[in-house]
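Only this structure's heavy atoms are used, side chains among them; waters, hydrogens and symmetry mates stay out. Lettering of chains follows the sequences in order, A, B, ..., and the numbering in each one begins at 1.
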Number of protein chains: 2
Amino acid sequence: MEKNSPIKICIVDDHRLFLDSLKGLVSSISNFNVIEVFNDGDELVTYLKEGNEAPDIVLLDVKMKRMDGIATCAWVKENYPEIKALALSMEVDEDTVLKMLRAGAKGYLLKDIHPNILEHSINEVHTKGFYYTENITSTLLNSIDGKKSHDGVELKEREIEFLKLACSERTYKEIASEMCLSPRTIDNYREILFQKINCKTRIGLVLYAIKEKIVIL
Amino acid sequence: MEKNSPIKICIVDDHRLFLDSLKGLVSSISNFNVIEVFNDGDELVTYLKEGNEAPDIVLLDVKMKRMDGIATCAWVKENYPEIKALALSMEVDEDTVLKMLRAGAKGYLLKDIHPNILEHSINEVHTKGFYYTENITSTLLNSIDGKKSHDGVELKEREIEFLKLACSERTYKEIASEMCLSPRTIDNYREILFQKINCKTRIGLVLYAIKEKIVIL
DNA sequence: AAATAAAACAGTAAAATACCCCAATTTTTA
DNA sequence: TAAAAATTGGGGTATTTTACTGTTTTATTT
């Protein structure tokens with residue numbers, strides 16, 4: 001916990017490429033020392049059981065094949081309560097987040113955050129004992145934040161989703177239930193897209209979507 | 001393409017952390033030069049449209065929020081055919097793999113491969129023009145064996161004429177007058193084509209026509 | 001010329017689409 | 001904190017598309 005001693009870190013992730021990449025990234029940050037990496041939760045467990053050097057912090061992938069992040073986190077909390085686990089996940093699933101925190105995770109990060117935030121959160125967890133964004137969802141939404149399309153037409157995520165479904169023989173009613181929306185809302189998406197794309201029939205939507213390669217046949 | 005000049009690489013992935021990690025990893029490999037990274041397909045498109053330095057190879061995430069890998073790959077193939085795209089994905093989904101390859105990807109890699117394989121595949125794509133793992137090859141073979149391009153559908157001249165007009169925002173009434181026919185006759189053409197093509201909406205006609213290149217966008 | 005096939009045309013009804021009106025929430029912005 | 005914007009949802013209606021039932025005309029073949 002001293003200021004000068006580097007923070008000892010382990011990384012657990014079953015995506016080999018990500019694991020090695022992240023190891024490089026974290027290692028390159030001063031004061032961070034990646035002492036070991038593992039492809040799966042039980043490898044970490046085995047490593048610790050053998051009495052090897054314990055890390056200060058574990059970066060823990062949530063979804064793993066053999067022993068997942070939740071189980072691993074729970075085991076670490078039970079057997080090495082001084083080790084702080086920081087969850088890394090691809091997406092925000094409320095239920096998973098809660099389970100992970102209940103299992104003792106000191107934070108929950110999305111894998112698409114900026115490296116600076118990772119650095120900051122590791123430091124926060126190490127010094128303060130925890131780090132979590134006030135609202136993971138809002139952080140996610142902010143990072144997603146819409147930008148311009150190549151022909152000046154800005155399409156939102158949900159609009160693209162609708163557009164893709166419109167390029168099928170589904171009726172709007174079917175699209176509505178597929179998107180868990182009321183047919184009226186679909187009506188709005190249709191009208192908004194008619195306006196943005198400047199067309200007046202569903203055929204126009206389809207032609208645009210294919211032309212712009214939003215859907216590939 | 002000279003032996004000594006480094007391979008220029010762009011990376012497109014909307015998982016920021018993965019993107020930056022991978023950038024570090026790839027950059028650290030000798031002869032690889034990551035000239036730019038992007039969070040989304042359309043950022044790459046914008047970059048290229050602005051006339052910036054084109055890469056030799058693009059590492060392309062398949063699932064992205066705004067402009068996904070398939071769409072991006074198709075655009076690159078269309079506009080910068082000399083750039084070779086290498087798909088990166090979390091999982092193998094037969095349909096996705098096929099679409100990606102159809103869109104012009106020179107290879108399809110899983111994100112949990114060993115970094116050495118990534119290095120090897122980039123080199124292969126650069127020198128030989130492609131790199132397929134056995135996994136992908138077998139997927140490809142599976143799809144090929146059960147495939148007949150033209151399902152014996154013979155369209156008459158007048159039907160093709162109608163089909164082309166159906167791929168527009170014209171109403172059937174307008175198509176009728178354009179073809180100098182009664183709307184009722186158009187009704188017949190429509191029904192005959194529904195039967196021949198095996199679909200049940202005008203959208204189906206449009207999708208078929210474009211797929212079979214009866215109409216070119 | 002008669003038989004046959006095809007192309008063109010017709011009425012009706014039901015479903016889907018398109019186009020208006022508007023409002024309750026939530027989120028973002030000022 | 002209030003205003004503005006975005007999201008989702010609603011009612012009603014006109015038009016278009018789709019699904020049937022057919023008949024008439026035109027062209028080809030025998």
Side-chain angles (χ1 to χ4, degrees), chain A residues 92 94 133-149 152-210 215, chain B residues 65-66 153-210 215:
Chain A
V92 233
E94 199 130 86
T133 52
E134 321 231 332
N135 193 341
I136 290 169
T137 308
S138 83
T139 304
L140 178 66
L141 291 178
N142 281 338
S143 77
I144 286 170
D145 191 22
K147 279 188 187 165
K148 290 160 200 63
S149 161
V153 178
E154 280 184 42
L155 296 188
K156 302 199 165 51
E157 246 186 272
R158 205 78 168 138
E159 290 170 350
I160 288 172
E161 201 181 332
F162 163 73
L163 188 52
K164 284 179 177 175
L165 288 169
C167 295
S168 72
E169 294 202 289
R170 278 170 258 248
T171 65
Y172 287 138
K173 208 176 293 183
E174 289 168 338
I175 291 173
S177 71
E178 197 134 340
M179 289 179 73
C180 298
L181 292 173
S182 147
R184 298 296 173 180
T185 309
I186 290 302
D187 231 42
N188 280 336
Y189 278 111
R190 179 176 48 70
E191 292 218 45
I192 288 167
L193 285 178
F194 279 2
Q195 216 175 337
K196 284 189 178 182
I197 290 169
N198 188 34
C199 62
K200 55 188 209 298
T201 68
R202 182 164 167 181
I203 304 296
L205 296 183
V206 173
L207 296 177
Y208 174 86
I210 294 170
V215 297
Chain B
K65 303 200 175 59
R66 287 165 36 73
V153 177
E154 288 286 326
L155 298 187
K156 300 193 166 56
E157 277 304 307
R158 205 75 170 144
E159 289 169 348
I160 289 172
E161 203 181 331
F162 163 73
L163 189 50
K164 285 180 177 174
L165 289 169
C167 295
S168 73
E169 294 201 292
R170 279 168 258 246
T171 67
Y172 287 137
K173 208 176 292 183
E174 289 168 338
I175 291 173
S177 73
E178 195 132 343
M179 288 178 73
C180 299
L181 291 172
S182 147
R184 306 294 172 180
T185 308
I186 292 301
D187 228 44
N188 277 337
Y189 279 112
R190 181 179 47 72
E191 292 218 46
I192 288 167
L193 285 178
F194 278 4
Q195 218 175 338
K196 283 190 178 182
I197 289 169
N198 189 33
C199 63
K200 55 190 210 297
T201 68
R202 184 166 165 180
I203 304 295
L205 295 183
V206 173
L207 297 177
Y208 175 86
I210 293 169
V215 297

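- Every pair tested for salt bridge (charged side-chain N to carboxylate O under 4.0 Å, His left out) that includes a residue from residues 199-210 of chain B fails, sequence neighbours excluded, so the list is empty.
- Qualifying side-chain hydrogen bond (donor to acceptor under 3.5 Å, both in side chains) partners for B/Thr201, counting only residues two or more places apart in sequence or in other chains: A/Glu169.
- Distance check, rounded to the nearest 0.5 Å: OG of B/Ser168 to CD1 of A/Ile203 gives 8.0 Å.
- Atom CG in A/Leu193 sits about 12 Å away from atom P in C/dA18, given to the nearest Å.
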Kindly give the atom pairs (protein nitrogen or oxygen, nucleotide nitrogen or oxygen) under 3.5 Å for nucleotides 15-17 of chain C.
unit_1: C/dT17; atom_1: OP1; unit_2: A/Arg202; atom_2: NH1; d: 2.7
unit_1: C/dT17; atom_1: OP2; unit_2: A/Tyr172; atom_2: N; d: 3.0

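- Residues passing the side-chain hydrogen bond (donor to acceptor under 3.5 Å, both in side chains) test with A/Thr171: none are found, sequence neighbours excluded.
- At whole-Å resolution of the value, CD1 in A/Ile197 and C1' in C/dA18 are 15 Å apart.
- Evaluation of the side chain to side chain contact (heavy atoms under 4.5 Å, CB included) rule for B/Ala176 yields B/Pro183, B/Ile186 as partners, not counting sequence neighbours.
- Atom CG in B/Leu205 sits roughly 12 Å away from atom P in D/dT17 (whole-Å rounding).
- Atom OG1 in A/Thr185 sits 11.0 Å away from atom CZ in A/Phe162 (nearest 0.5 Å).
- Between B/Glu174 atom CD and D/dT15 atom P the separation is 14 Å, expressed in whole Å.
- Axis angle between the ends of the helix from C/dA1-D/dT30 to C/dA30-D/dT1, five pairs each and rounded to 10 degrees, works out to 50°.
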Summarise how protein sits on nucleotides 5-11 of chain C as a single string, 5' to 3': B when a protein heavy atom is under 4.0 Å from the base, S for sugar-phosphate-only contact, - for no contact. --SBBBB
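- Straight-line distance from the CD atom of A/Gln195 to the P atom of C/dC20: 11 Å, rounded to whole Å.
- A salt bridge does not link B/Arg184 with B/Asp187: none of the charged nitrogens is closer than 4.0 Å to a carboxylate oxygen.
- A search for salt bridge (Lys or Arg N to Asp or Glu O under 4.0 Å) contacts involving A/Glu178 returns A/Arg170, not counting sequence neighbours.
- To the nearest 0.5 Å, atom OH of residue A/Tyr208 and atom CZ of residue A/Phe194 are 14.0 Å apart.
- Of the inter-residue distances, the one linking A/Glu159 atom CD with A/Leu205 atom CG reads 11.0 Å to the nearest 0.5 angstrom.
- Residues meeting the salt bridge (Lys or Arg N to Asp or Glu O under 4.0 Å) test with A/Glu161, sequence neighbours left out: A/Arg158.
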